[in-house]
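Structure first, commentary second.
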Amino acid sequence: MRRNIVIAAVTAAALIGGGTATALATTGDDDRGTAPRADVSVSDDGGVRDETDGRGDDAADERDDRGDADRASSAKVTAAEAIASALRETPGTAVSADLDDADGDDADGDDRRERAAWEVDVLAGDGTWHSVRIDPGTGKVLGSDRDGDEDDTAEARAALKGTSVDAADAARAAAGKGTVTSVDLDDDGDDGDDRAAWEVETRTDGKGEQDWRVDPGTGKVTADRSDSDDSGSDDD
């Protein structure tokens, strides 16, 4: 009873004063065992607000990161192996490889797109682009689609001209940093140095997602300077 009186009194004070007050809930009808709590407050408009809202967001994000890391580490087929499988299906140059989650039903009812898979973008010798999906458990080809445009072709070829490190090499080079979940060609120097590079994403227990750049000429791995979380990482 006394607890209700305290909360009512504080609510009334907040309405009169036009401010925000915090109610102290007690554990009994007298002063014994009283423990102050700041979980409930009264807003300017008289509404009662639960201050515990949002406290679980960080924990949920942490669980999501752990789930992503678990999925990445459970993939039996590495990025380099997925690229090799894709190139056997569609000869050419692999420009990217990403470990994608399930993306729903295909238009024709094919449930292969419901599975998590490596998606490898290949630039064929005739200039056409192909997206090849690879099973991360077996390395088998799940499907292949043709996409891309001429502008992408010219930019990719210009970026890769004279390089000796391909997408699979970049994935293997960055594998020492963690489980590789994606490899993509940065053909316009997004890192600020105007130089093409392979961008590689890894996941590790305790560190979550990290981004790296692999030099397409030397294979040297450096932390992505555009990612502030990796500012203290070491170079190979």
Side-chain angles (χ1 to χ4, degrees), residues 63-150 152-153 155-157 159-160 163-187 197-205 207-214 216 219 221:
R63 287 194 298 271
D64 289 342
D65 287 340
R66 286 200 302 268
D68 291 339
D70 290 343
R71 284 192 293 273
S73 61
S74 65
K76 298 179 181 179
V77 177
T78 67
E81 292 169 342
I83 290 169
S85 294
L87 292 179
R88 285 193 293 270
E89 170 71 14
T90 306
T93 302
V95 177
S96 70
D98 295 276
L99 183 58
D100 291 338
D101 289 332
D103 59 1
D105 293 330
D106 198 1
D108 59 1
D110 188 348
D111 66 354
R112 289 177 297 180
R113 286 190 174 275
E114 295 180 354
R115 313 175 190 175
W118 283 104
E119 185 165 326
V120 183
D121 289 335
V122 177
L123 173 59
D126 61 359
T128 59
W129 287 85
H130 302 264
S131 178
V132 186
R133 291 177 64 82
I134 304 297
D135 190 308
T138 66
K140 293 182 178 180
V141 175
L142 298 176
S144 178
D145 298 315
R146 181 172 169 173
D147 57 10
D149 57 43
E150 293 182 0
D152 292 336
T153 301
E155 291 174 358
R157 284 181 170 170
L160 292 172
T163 63
S164 57
V165 177
D166 61 20
D169 293 332
R172 283 188 287 265
K177 302 295 186 179
T179 301
V180 175
T181 56
S182 74
V183 181
D184 291 284
L185 177 64
D186 173 13
D187 56 18
W198 292 106
E199 294 181 335
V200 184
E201 178 185 289
T202 63
R203 287 189 178 275
T204 55
D205 292 338
K207 293 185 178 180
E209 175 186 315
Q210 293 179 291
D211 296 318
W212 310 92
R213 291 176 68 82
V214 179
V221 180

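Since the model is a prediction, treat every value here as computed from it, not as a measurement.
The CD atom of Glu209 lies 8.0 Å from the OG1 atom of Thr202; values are rounded to the nearest 0.5 Å. Note: Asp184 CG to Glu199 CD = 7.0 Å, rounded to the nearest 0.5 Å.
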Item to check | Leu160 vs Thr93, side chain to side chain contact (heavy atoms under 4.5 Å, CB included): CA-CA, chis, key distance, verdict | outcome: CA-CA 10 Å; Leu160 292 172; Thr93 302; 3.7 Å; yes

Item to check | Pair Asp147-His130, side chain to side chain contact (heavy atoms under 4.5 Å, CB included): steps then yes or no | outcome: CA-CA 6 Å; Asp147 57 10; His130 302 264; 5.7 Å; no

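For the residue pair Pro136 and Ala116, the shortest heavy atom distance occurs at CD-O, 3.3 Å. Closest non-hydrogen pair, Ala80 versus Ala171, comes out as N-CB, 4.1 Å. Across Ser144 and Thr90, no two heavy atoms sit closer than the pair OG-OG1, 4.0 Å. A pairwise comparison of heavy atoms in Ala174 and Val200 identifies CB-CG1, 3.6 Å as the closest pair. Scanning all heavy atoms of the two residues, the minimum distance from Ala159 to Asp187 falls at CB-CB, 3.5 Å. Between Ala94 and Ala167 the shortest heavy-atom distance is O-CB, 3.6 Å.
Contact of the Leu123 side chain with the Arg157 side chain is registered, since non-hydrogen atoms from C-beta on lie closer than 4.5 Å. Residues Lys177 and Val221 are in side-chain contact: their nearest non-hydrogen atoms beyond the backbone lie under 4.5 Å apart. A heavy-atom distance below 4.5 Å is found between the side chains of Leu185 and Trp198. Here the side chains of Asp152 and Trp129 are in contact, with some heavy-atom distance below 4.5 Å. Looking only at side-chain heavy atoms (C-beta outward), Val141 and Val132 come within less than 4.5 Å of each other. Between Leu87 and Val122, the closest side-chain pair of non-hydrogen atoms falls below 4.5 Å. Contact of the Glu201 side chain with the Gln210 side chain is not registered, since no non-hydrogen atoms from C-beta on lie closer than 4.5 Å. Annotation: side chain of Thr179 is not in contact with side chain of Thr204 (no heavy-atom distance under 4.5 Å).
For the pair Ser96 (side chain) and Val183 (backbone), a donor-acceptor distance under 3.5 Å is absent. Formation of a donor-acceptor pair under 3.5 Å by the Trp118 side chain with backbone atoms of Ser182 is not found in this model. Asp98 places no side-chain N or O within donor-acceptor distance of the main-chain N or O of Asp100, the cut-off being under 3.5 Å. Formation of a donor-acceptor pair under 3.5 Å by the Ser85 side chain with backbone atoms of Glu81 is found in this model.
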